[in-house]
*Asks:* 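First the structure, which I've put down as structure tokens, then a few questions once you've had a look.
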Amino acid sequence: MSTAARAADAACRAYQRHLSPRKRWACAHRVHHGGDSCSGAVRTLLLQRGLLGALAPTAGRFLACYRAAAALRALGAVPGPAMAGGVQGVCCCGPIPIPFRF
């Protein structure tokens, strides 16, 4: 694994250990489809493909997470994002604000 991929993996690991437990919702992709959360899937992609090879599949995964959140909302299976235990799409990246409990 390249130095850049190791740094990205360390950032994902730090997110999983320190930020994710404080969120008020779960990864929509994991809830809807089962399997790994987005951060777990990204770590696997980094390991298998390296940093550059993981970029496009990571973007695809985040889009799938967004769609899973929309599907769960349409089914009425999701409390609002401000409620504890809710599900939010693309909960682990980007400009989407993530509320924390400290």
*Asks:* Only counting residues at least two apart or in another chain, list the ones meeting side-chain hydrogen bond (donor to acceptor under 3.5 Å, both in side chains) with Arg67.
*Replies:* none
*Asks:* Working to the nearest 0.5 Å, report the span between OH of Tyr15 and OG of Ser20.
*Replies:* 4.0 Å
*Asks:* Check side-chain hydrogen bond (donor to acceptor under 3.5 Å, both in side chains) between Arg49 and all other residues, then give those that pass, not counting sequence neighbours.
*Replies:* none
*Asks:* Under 4.5 Å between side-chain heavy atoms, chaining through other members, with only Ile, Leu, Val, Met, Phe, Trp and Tyr counted: pull out the rest of the cluster around Met1, sorted by chain and number.
*Replies:* Leu47
*Asks:* So which atom in Ala28 and which in Ala68 form the shortest heavy-atom distance, rounded to 0.1 Å?
*Replies:* O-CB, 3.7 Å
*Asks:* Can you tell me how far CG of Leu46 sits from OG of Ser2, rounded to the nearest 0.5 angstrom?
*Replies:* 8.5 Å
*Asks:* Following the transitive rule for hydrophobic clusters with a side-chain heavy-atom cut-off under 4.5 Å over Ile, Leu, Val, Met, Phe, Trp and Tyr, establish whether Leu45 and Tyr66 coincide in one cluster.
*Replies:* no
*Asks:* Please name the pair of heavy atoms, one in Ala41 and one in Asp36, separated by the smallest distance, quoted to 0.1 Å.
*Replies:* N-CB, 3.9 Å
*Asks:* Less than 4.5 Å apart, any side-chain heavy atom of Thr58 and any of Arg61?
*Replies:* no
*Asks:* Find the distance between CZ (Arg30) and OG (Ser39) and round it off to the nearest 0.5 Å.
*Replies:* 8.5 Å
*Asks:* Applying side chain to side chain contact (heavy atoms under 4.5 Å, CB included), run through Cys27 and Cys65 and close with a yes or a no.
*Replies:* CA-CA 7 Å; Cys27 173; Cys65 187; 3.9 Å; yes
*Asks:* What closest approach, in Å, do Pro21 and Gln16 show between heavy atoms, and which atom pair accounts for it?
*Replies:* CD-O, 3.2 Å
*Asks:* Check Ala8 against Leu51 and note the closest heavy-atom contact, atom names and distance.
*Replies:* CB-CD1, 3.9 Å
